[in-house]
Amino acid sequence: MNSEKLKIAVLGGTGNIGEGMVLRLALQNLMPEGVKNEIIIGSRSLETAEEAAKKALSELENCGFDTSGIKITGMNNFEAAKAAEMAILTIRFDHVLPLLEEIKETLENKIVISPVVPMVKEGSFMAYRPPAEGSAALAIQKNVPETTKVVAAFHNIPADVVKCKAVHDALVCSDDEEAKKLVMELTRHMGCLKPLDGGPLKQAATMESLTPLLINLAKLNGLKDLGINFS
């Protein structure tokens with residue numbers, strides 16, 4: 001896998017989390033340093049994916065960025081996963097396992113990144129509800145080919161990419177050190193993010209559980225786009 005130029009599929013890239021991830025990846029192509037990439041937005045609907053690709057390019061242009069060196073295309077989820085070297089799952093946990101069953105054959109020898117958080121609403125607040133495996137990341141690892149390298153990352157980062165000012169820590173964990181190193185390099189040049197090694201994949205449960213905590217803190221204190229920082 002060439003870390004200088006990657007084809008990255010953002011599966012579920014038409015939702016809020018996916019849209020933010022697409023923009024973060026796209027902006028790397030404008031930086032002197034960083035992992036250059038071609039972005040493929042995946043969706044159940046080809047038409048929806050293609051519209052999301054046009055929207056992302058338009059948003060970047062409206063913010064004054066030169067998009068001539070940025071390539072964003074739309075495909076259905078299967079074709080997006082097949083064409084890419086790396087896939088990011090930006091969908092709800094209850095949709096993850098059915099999607100993996102659909103695209104499993106395309107994931108051999110690839111990196112799959114999970115920012116997925118299994119959580120439910122209890123009254124006015126969100127609560128973490130991991131599956132029997134212990135975390136979404138471990139459930140994903142159980143349902144992909146043995147050659148697939150699963151990395152847990154991007155759980156607790158602000159959604160607003162263009163207006164992001166403060167730097168937030170981004171935890172990354174995996175049982176595959178090379179895959180973790182590559183995702184950390186990808187993260188380092190996303191803008192406003194500082195990657196930290198979060199250890200093996202079994203640590204994903206702790207990382208995932210921070211997301212409902214941040215959502216609840218934001219609601220209780222009238223805050224927006226909370227992230228985390230360690231010092």
Side-chain angles (χ1 to χ4, degrees), residues 1-13 17-42 56 60 65 67 69-73 80-81 83-90 107-116 136-137 140-141 144 147-162 164-204 206-208 210-211 227-231:
M1 187 176 295
N2 182 7
S3 63
E4 298 299 320
K5 181 73 173 180
L6 285 174
K7 286 187 177 182
I8 305 175
V10 182
L11 305 180
I17 297 174
E19 288 175 358
M21 186 60 61
V22 167
L23 294 178
R24 285 185 183 277
L25 292 169
L27 289 173
Q28 290 206 21
N29 292 290
L30 304 180
M31 298 179 184
E33 297 182 352
V35 180
K36 302 301 182 279
N37 57 75
E38 175 185 332
I39 305 153
I40 308 167
I41 296 176
L60 291 169
F65 294 108
T67 61
I70 297 175
K71 185 174 182 180
I72 306 175
T73 56
E85 299 162 279
M86 175 187 291
I88 306 175
L89 304 173
T90 60
L107 300 177
E108 291 278 1
N109 299 303
K110 295 182 180 180
I111 295 174
V112 170
I113 301 175
S114 170
V116 180
I140 289 166
Q141 185 179 54
V144 295
T147 60
T148 304
K149 304 166 185 67
V150 178
V151 181
F154 309 135
H155 299 87
N156 314 299
I157 61 176
D160 195 334
V161 181
V162 177
C164 178
K165 300 297 182 184
V167 176
H168 297 278
D169 292 331
L171 304 177
V172 182
C173 68
S174 178
D175 293 336
D176 188 286
E177 290 300 319
E178 284 191 16
K180 180 164 58 176
K181 182 179 179 181
L182 178 56
V183 175
M184 290 180 70
E185 182 67 14
L186 195 67
T187 305
R188 185 171 290 110
H189 300 288
M190 276 189 174
C192 299
L193 296 180
K194 182 179 74 174
L196 293 177
D197 189 334
L201 201 63
K202 66 181 181 181
Q203 297 296 330
T206 302
M207 292 164 49
E208 293 173 7
L210 292 174
T211 297
I228 56 174
N229 291 95
F230 298 94
S231 61

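Residue indices begin at 1 and follow the sequence shown.
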Please give me the minimum heavy-atom distance between [X] and [Y], naming the atom from each residue.
X	Y	value
Val151	Ala179	CG2-CB, 3.8 Å
Leu60	Ala26	CD1-CB, 3.7 Å
Asp175	Leu201	OD1-N, 2.9 Å
Ala83	Ile40	CB-CD1, 3.8 Å
Ala56	Ile72	CB-CD1, 4.0 Å
Ile140	Ser114	CD1-OG, 3.3 Å

For the [atom1] atom of [X] and the [atom2] atom of [Y], what is their distance to the nearest 0.5 Å?
X	Y	atom1	atom2	result
Lys36	Leu6	NZ	CG	11.5 Å
Thr67	Leu30	OG1	CG	8.5 Å
Met31	His189	CE	NE2	8.5 Å

Backbone of [Y] reached by a side-chain donor or acceptor of [X] within 3.5 Å:
X	Y	value
Thr187	Pro195	no
Thr147	Glu108	no
Ser174	Val150	yes
Gln203	Cys173	no
Asn156	Ile228	no
Lys7	Ala80	no
Lys110	Ala84	yes
Glu208	Ala137	yes
Asn29	Asn37	yes

Any side-chain heavy atom of [X] within less than 4.5 Å of one from [Y]?
X	Y	value
Met190	Phe154	yes
Gln28	Leu186	yes
Phe230	Leu171	yes

Task: Those residues that, when tested against Lys180, pass side-chain hydrogen bond (donor to acceptor under 3.5 Å, both in side chains) (two or more places apart) - done: Glu177, Asp197

Task: All salt bridge (charged side-chain N to carboxylate O under 4.0 Å, His left out) counterparts of Glu185, not counting sequence neighbours - done: Arg188

Open item on the list: Just to verify, what does Lys71 make a salt bridge (charged side-chain N to carboxylate O under 4.0 Å, His left out) with, not counting sequence neighbours?
Closed with: Glu38

Task: With Ile88, the side chain to side chain contact (heavy atoms under 4.5 Å, CB included) member among Ile39, Ile113, Leu11 - done: Ile113

Task: Evaluation steps, side-chain contact (heavy atoms from CB on, under 4.5 Å), between His168 and Ile157 - done: CA-CA 7 Å; His168 297 278; Ile157 61 176; 5.5 Å; no

Open item on the list: Please determine whether the number of non-hydrogen atoms from other residues, nucleotides or ligands lying under 6.0 Å from atom CD1 of Ile17 exceeds 12.
Closed with: no

